Amino acid sequence: MYNKYGVSNTKIKKISKFKFLVEKTGKMRVPVLLYSADNLIKLIGKDKALEQLINVATLPGIVKYALGMPDMHQGYAFPIGGVAAFDIESGVVSPGGVGFDINCGVRVIKTNLSYKEVKGQLNKLGNILFANIPAGVGSEGKEKFGSEETKTAMRIGIAWAKNKGFAWKEDEDATEENGRMKNADPAFVSKRAIDRGKVELGTLGAGNHFLEIDRVSKIYNETVAKQFGLFKDQILIWIHTGSRGLGHQVATDYLKIMRPRMEKYRLPLIDPDFVSLPLSAPESDMYLKAMASAANFAWVNRQILTYLARLYFTSVFNESPEKLGMYLLYDVAHNIAKFEKYKINGKEKLLLVHRKGATRSFPKGHPDLRGLYREIGQPVLLPGDMKRGSYILVGNEKSLSETFGSVAHGAGRLLSRHKAVKTLTLEHVQKEMDEKNIILHAKTRRIIMEEAPEAYKDVHEVVKPIIGEQLAELVAHSEPLFVLKG
DNA sequence: ATGTGC
């Protein structure tokens, strides 16, 4: 029997315009809380995302509730768009709660160029970027590094990139965690993972990963936009990628290491994919050190792509990247588990927050933010799709009391890759790109259907629950002019 | 997502 949301045997109670609750029943330790809307929650019954989030709610040590963001859809074990925080004494860590692409994330590079200055050069710039940015499955970096160099990159993240001349001091300041998870220890990363990773630094990868040149189409908050250094018609570069084969290998390795240990801690395998271990288990600590190493690798990866973008912009506009104002707005992770402090029942507690396809959204005053962003809140980067564009928001206080400082990570898929390829045509997608004058370069024909706007939820709808519940505030919207897909 | 899956 299906209820009106299409979810079998599950009662979803609407508690406010944008909040939906699944009360604690059976083995659930906490309720499930969904940030959604009438038009979005209808999609939830179409895949196993809610069942997966209910599984998360049964895990030991979970605090308050298992959270679903408006972009939620089915993932490996945990849903994408899922957030769960665990008590460090009684809680668990789950590789599925982080995802295969460890520290998949987004960064935005600003410029001081406006649309009219770039318009005539877009074709040339696009061709140069497409020819020179390594992208696609199995792509390798322009510069390859040895195992020791790769390990240093994993240990110290952006600091390594800075030493190598790929990063500015300002880049380090504008990256979540300063681009360096302190608990990284590459000794816990397999040789196989390092061998895969050492040729992959500075590559975009495939799937939903992209490099875009966008135009700021709308400013919602003049004050914050000005503080962020954003203005109407400004040219921005968006980069979305992660830890490539290295992160994937770390996830694969630790699922294999951790799965057989679950029995010892009497953790039931609720789903064959669902691996977790108590934080007290030695394998949990090993995973977190390897995960942090892969996270640092991902930050370095996005940084080298930034270096390349600066290089090719300079080659086209004959000005240094500094003169072009190519400073990093921010870099945020959306597949990661981190130790963070929250006030729970009036007491400050250290929790392990899993963000699986969810972006951090810290407000002004948060001790983990530095410099300017401590004063105004962090930029929250929320990519949509290649036609509808992307949003830049600023973190708000309510995210700390309600969602463990988290919001959605993007529009979220609507169609599976397979379904997108089956139902859409290349001609149709190309036509809608042409109609909007968006230059699209993709490594394969297939990816164009897989990544079509129709394959995604409407990002304009996905941001509504976020701003409606004041988890973050709108600052700007940007629309693609050039899209590079792997 | 991934040196791509049935």
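By convention in this document, chain letters (A, B, ...) are assigned in the order of the sequence lines, proteins followed by strands, and residues within each chain are numbered from 1. Since the structure is predicted, the reported quantities are computational estimates derived from the model, not experimental observations.
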key: Pair A:Glu177 + A:Lys338, salt bridge at N-O below 4.0 Å   = yes

inquiry  = Just to be sure I understand the rule, does A:Arg192 reach a base, reach only the sugar-phosphate, or reach nothing, if contact means heavy atoms closer than 4.0 Å?
reply    = base

A:Glu451 or A:Thr444, whichever maps to the more 5' nucleotide of DNA chain B = A:Glu451

request  = Calculate the interatomic distance between A:His418 atom NE2 and B:dG5 atom P; express it in whole Å.
outcome  = 15 Å

Between B:dT2 (P) and A:Ile447 (CD1): distance, integer Å = 9 Å

note = Between CD of A:Glu450 and P of B:dT2 the distance, given in whole Å, is 12 Å

query = For the pair made of CG in A:Leu255 and P in B:dT2, what is the distance, rounded to whole Å?
reply = 16 Å

task = To the nearest Å, give me how far apart CD1 (A:Ile80) and C1' (B:dT2) are.
result = 13 Å

message = Assess, by modelled atom type and distance only, whether the side chains of A:Arg155 and A:Ser293 contain a donor and an acceptor separated by less than 3.5 Å.
response = no

query = Starting at CZ of A:Phe100 and ending at P of B:dT2, how long is that distance when rounded to a whole Å?
reply = 12 Å

ask   = So what does A:Glu140 touch, heavy atoms closer than 4.0 Å: a base, only the sugar-phosphate, or nothing?
value = nothing

query = Going by atom types alone, do A:His334 and A:Asn103 pair a side-chain donor with an acceptor below 3.5 Å?
reply = no

request  = Could you state the atom-to-atom distance from NZ of A:Lys419 to C1' of B:dG5 in whole Å?
outcome  = 19 Å

remark   = From CG of A:Leu246 across to P of B:dT2 the rounded distance in Å is 12 Å

message = Classify A:Ala251 by what it touches in the nucleic acid, base, sugar-phosphate, or nothing, heavy-atom distance under 4.0 Å.
response = nothing

task = First locate atom CD1 of A:Ile128, then atom CG of A:Leu125, and finally report the distance between them rounded to the nearest 0.5 Å.
result = 6.5 Å

